[in-house]
Amino acid sequence: MSTISGTSHEIFKELNESQINAVTATEGYIRVIAGAGTGKTKTLTHRYAYLINELGISPSNILCITFTNKAANEMKRRIKTMLGEEFDTSFVATLHSFCTRVLREEITKLFYPDNFIVLDNIDQKKILEEVYDEMGIKMDTASFKFMIDQIRYYKNLLTYVEYLSNPNFDYTTLKTKTQSDEIIIRYIKKQRKYFGLDFFDLINFTIYLFNNYLDVLLKWQKKLCYIMVDEFQDITAKEFKMIRRLSEYNRNLFVVGDPDQNIYEWRGANMDVIVNFEKWLNNECFENQLELKAQDIILSRNYRSREPILLAANSLIEKNCNRVVKHLHTDVSGGDKVIYLHAKSDKDEIKYICSKIKAHVDSGGKYSDYAVLYRSGYVSRFVEQGFLGADIPYVVYGGVGFYERMEIKDVLSYMRLVDNIDDDLSFKRVINVPRRKIGKVKLKALTEYAEQNDLSLFRALSSLCDTALFKGSKAKDFVDAIERLRETAENLSVSELLQNILLETGYELYIRESGDIDRLDNITELLRSIVTQEIEFGENLTLSTFLQDITLFKDSDTEDKSDCVRIMTIHTSKGLEFDNVFLVGLTEGVFPSARSLEERQNDALEEERRLCFVAITRARKKLYLTESEGFGVKGFSKTPSRFLFDIDENLLEIVGVIPEEIKAEYIILSRMFDKTDTVVYSVGDQIRHKAFGEGIVEEVDEKTKTYYIRFVNGIKPISFSYKGLSHVF
DNA sequence: ATTTTCGAGATTTTT
DNA sequence: TCTCGAAAAT
């Protein structure tokens with residue numbers, strides 16, 4: 001007994017009063033609003049340890065949900081540090097991997113095989129490409145994004161689960177009004193064929209299962225006595241419903257989040273769930289009306305950032321209208337002012353950054369004290385070039401996830417094909433990599449033959465590879481190689497099998513000849529990680545188990561301790577902190593992004609501002625905001641981001657000379673965006689009103705903040721602050 | 001007639 | 001960096 005209380009005593013020593021309240025409030029519904037840098041993760045991990053040590057709860061009865069892999073890995077790491085390396089953290093997971101786990105156990109009830117494949121973006125795109133091809137439509141990135149959105153909307157209604165899970169479903173009974181509908185139906189049919197589930201399905205199937213199989217629901221409800229959700233501001237309404245249902249039996253749900261850090265609205269996250277938590281708990285959509293009460297705990301003392309950084313962050317986020325007012329504060333005063341660099345060119349911008357880092361390292365500091373953050377991925381190229389030139393070591397975080405890299409997907413597809421020769425999706429991926437002279441035409445003929453004879457593509461090729469059609473191609477070599485590999489597979493470990501695959505299929509040679517050392521390194525890294533897993537799992541690591549959930553993981557091991565500058569998008573930086581942060585590329589159209597400006601929706605702009613807030617609050621000691629003149633992607637000359645003007649000028653130390661004309665624009669912008677009532681339309685603009693329909697702006701009255709807009713039924717005065725207007729193009 | 005290669009052009013953010 | 005379309009190579 002004394003050991004236990006001794007341990008908990010240790011735990012409490014590191015926490016402040018509100019944190020202790022959060023840790024010990026184990027029963028019932030609890031909402032914690034935790035500002036940036038207030039020890040959110042620390043509180044969560046300590047609470048987890050408290051449940052284990054003090055209440056004696058088993059880890060298999062505690063579900064701890066996050067929304068990104070990085071957050072999940074960080075939680076696991078910290079729990080293992082506290083409770084031991086051997087500790088079982090399999091219920092500390094992203095919502096998607098939790099759902100996958102449930103589905104692996106239960107999905108056969110929906111007549112779907114339990115070895116289903118999880119489809120990532122690339123797989124989805126491949127399927128869509130096939131559909132487009134069949135229908136003779138062309139596909140570009142815009143239409144891909146559009147269709148993915150359409151699919152998401154379509155899948156919002158769970159009825160599709162019924163026919164996707166029914167092997168004998170007659171798709172001709174579905175009405176298709178538009179081309180989009182047709183594409184969606186075909187997409188779903190193909191999913192069924194490949195036994196694939198995309199990220200939407202993981203959530204939707206689980207919900208469907210819980211809704212329709214009450215025994216399954218009860219089993220999981222009983223099992224999960226305590227549920228915790230991190231980054232709760234990023235939850236969608238639908239995901240919330242699932243969590244709420246899961247909590248109905250034990251009624252212990254603990255949620256932590258910060259509305260100011262909601263940066264996933266574009267993905268469907270609804271921050272109203274955290275803002276009006278109690279109301280959502282008792283939403284009329286739930287069959288079980290439980291009259292739930294929620295307890296509130298607020299963490300607002302910041303332990304991360306120096307005062308000037310916090311002041312800048314507060315000053316920026318205040319400009320958002322749609323928020324719960326909350327101020328971050330610290331007891332520690334002092335620290336350097338936030339620096340705003342206005343450079344003459346992007347070269348100067350990166351040069352300045354390099355010189356600061358170099359000076360720091362020369363005086364005995366480390367590269368790893370620095371991070372460079374930016375709005376979108378392509379900016380990394382410009383940072384990387386600068387660092388390469390200046391000999392500064394760096395690591396790019398996130399970017400293309402490890403398991404999304406081409407060479408890794410290729411190798412995994414080979415492994416899948418060896419595991420299951422009927423996996424057509426994998427077959428298509430690797431059949432012509434390396435080149436085997438099997439292109440579009442031969443593949444089409446093969447597909448037709450396969451369909452006629454009800455064979456998988458591999459089996460079809462196996463019987464056709466000696467015919468005239470495949471003469472001159474390496475089809476025979478391919479079939480032989482895969483069959484040899486299948487014969488040996490049983491007696492080999494996964495890592496040995498992978499090495500054989502690389503040799504027999506000629507893939508290793510192909511990569512070597514392409515001369516891309518990085519790609520080869522990535523494959524070596526994959527091999528290394530398999531060997532690590534084999535040591536951990538021993539004989540139990542079969543090919544099938546290895547392949548099952550790999551889609552959901554991203555490289556967590558990039559967190560190496562080597563001394564490098566970290567560069568990443570702001571989205572990936574969420575939840576991390578660094579001594580010194582450069583926030584680069586603060587240019588209108590880049591950040592805030594062109595799209596958020598185009599839409600002229602305040603919501604999108606506010607999300608961008610929250611994103612900027614997240615970036616700023618990553619910094620502990622020193623923050624640099626940088627931006628440069630020159631020409632942007634579309635040839636327009638670049639102007640500084642409005643966010644720079646959102647921050648009180650007195651809080652910034654300006655480096656460089658900002659030209660007068662830009663300053664003038666600056667003042668107009670800051671005045672415009674100082675208040676909710678912003679002018680976003682001008683005379684002649686075509687707009688759409690939520691109630692009145694389409695119209696044309698006749699007059700803009702700055703004084704009364706009113707647009708006069710001509711609609712079908714006459715001219716109406718509409719206030720600037722009205723949110724229901726949008727542009728018509 | 002097919003497949004491959006090569007150069008031009010475009011990029012939000014994640015599970 | 002990655003994707004797509006046109007010309008070159010088989």
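Throughout, a chain's letter reflects where its sequence line sits, starting with A, and its residues are numbered from 1. Only this structure's heavy atoms are used, side chains among them; waters, hydrogens and symmetry mates stay out.
A cation-pi contact, defined as under 6.0 Å to the ring centre and within 45° of the axis, links A:Arg267 to A:Tyr264. In this structure, A:Lys155 forms no cation-pi arrangement with A:Phe200, as its terminal cationic atom is not both closer than 6.0 Å to the ring centre and no more than 45° off the ring axis.
Candidate nucleotides C:dC4, B:dT14, B:dT15 were compared by shortest atom distance to the side chain of A:His96, and B:dT15 ranks first. Listed nucleotides C:dC2, B:dT14, B:dT15 differ in distance to A:Thr572; the shortest reach to its side chain belongs to B:dT14. For A:Arg381, the listed nucleotide lying nearest its side chain is B:dT11; candidates were B:dT15, B:dT11, B:dT13.
Ring-to-base geometry does not place A:Tyr378 in a stacked arrangement with C:dT1 (centre distance under 5.5 Å, plane angle under 30° required).
For A:Phe91, the ring pair (Phe, Tyr, Trp, His ring centres under 6.0 Å) criterion is met by no residue, not counting sequence neighbours.
The phosphate of B:dT14 (OP1 or OP2) has a side-chain N or O of A:Thr569 nearer than 4.0 angstrom. For B:dT2, the OP1/OP2 oxygens have no side-chain nitrogen or oxygen of A:Lys442 closer than 4.0 Å.
Note: A:Tyr160 OH to A:Tyr187 OH = 9.0 Å, rounded to the nearest 0.5 Å.
Tested against A:Glu74 for a side-chain hydrogen bond (donor to acceptor under 3.5 Å, both in side chains), the candidates A:Arg77, A:Lys76, A:Lys70 yield a single pass: A:Arg77.
When heavy atoms are screened at a 4.0 angstrom cut-off, A:Tyr264 is found touching the sugar-phosphate backbone but no base atom. Among the heavy atoms of the strands, none lies under 4.0 Å from A:Gly472. Contact annotation for A:Asp198: no contact, since no heavy-atom pair falls under 4.0 Å across all strands.
Of all heavy-atom pairs spanning A:Leu373 and A:Arg618, the tightest one is CD1-CG, 3.9 Å. Minimum interatomic distance between A:Gly196 and A:Asp201 (heavy atoms only, all atoms of both residues): O-OD2, 4.4 Å. Residues A:Phe470 and A:Ser473 share a closest heavy-atom pair of O-OG, 2.7 Å.
Regarding A:Tyr132, its OH atom lies at a distance of 13 Å from the P atom of C:dG5, rounded to whole Å. Put simply, NZ on A:Lys471 is 16 Å from C1' on B:dT2, counting in whole angstrom units. The distance between atom CZ of A:Arg101 and atom C1' of B:dT15, rounded to the nearest whole Å, is 19 Å. Residue A:His571 contributes atom NE2, which lies 15 Å from atom C1' of B:dT11 at whole-angstrom precision. Separating the CZ atom of A:Phe591 from the C1' atom of B:dT13 is a distance of 10 Å, rounded to the nearest angstrom. As a whole-Å value, the separation of A:Met406 CE from C:dT3 C1' is 12 Å. Between the CZ atom of A:Arg435 and the P atom of B:dT3 there is a distance of 11 Å, given to the nearest Å. Atom OH in A:Tyr397 sits about 15 Å away from atom P in B:dT14, given to the nearest Å.
Contacts with DNA chain B (heavy atom under 4.0 Å) in residues 144-156 of chain A: A:Lys145, listed by number.
Note on A:Glu607 versus A:Arg610: salt bridge recorded, some NZ/NE/NH1/NH2 to OD/OE distance being below 4.0 Å.
Residue-to-nucleotide proximity on DNA chain B shows that, of A:Ser376 and A:Gln124, the 5′-proximal contact is made by A:Ser376. For the pair A:Phe67 and A:Val441, both in contact range of DNA chain B, the more 5′-proximal nearest nucleotide belongs to A:Val441. Toward the 5' end of DNA chain C, the nearer of the two residues A:Lys437 and A:Lys125, judged by each one's closest nucleotide, is A:Lys125.
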Each base of DNA chain B marked ( ) or [ ] if paired in-strand (Watson-Crick or G-U under 3.5 Å), | if paired to another strand and . if unpaired gives ||||||||||.....
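Using modelled atom types, one finds no donor on one side chain facing an acceptor on the other under 3.5 Å when comparing A:Ser97 with A:Thr100.
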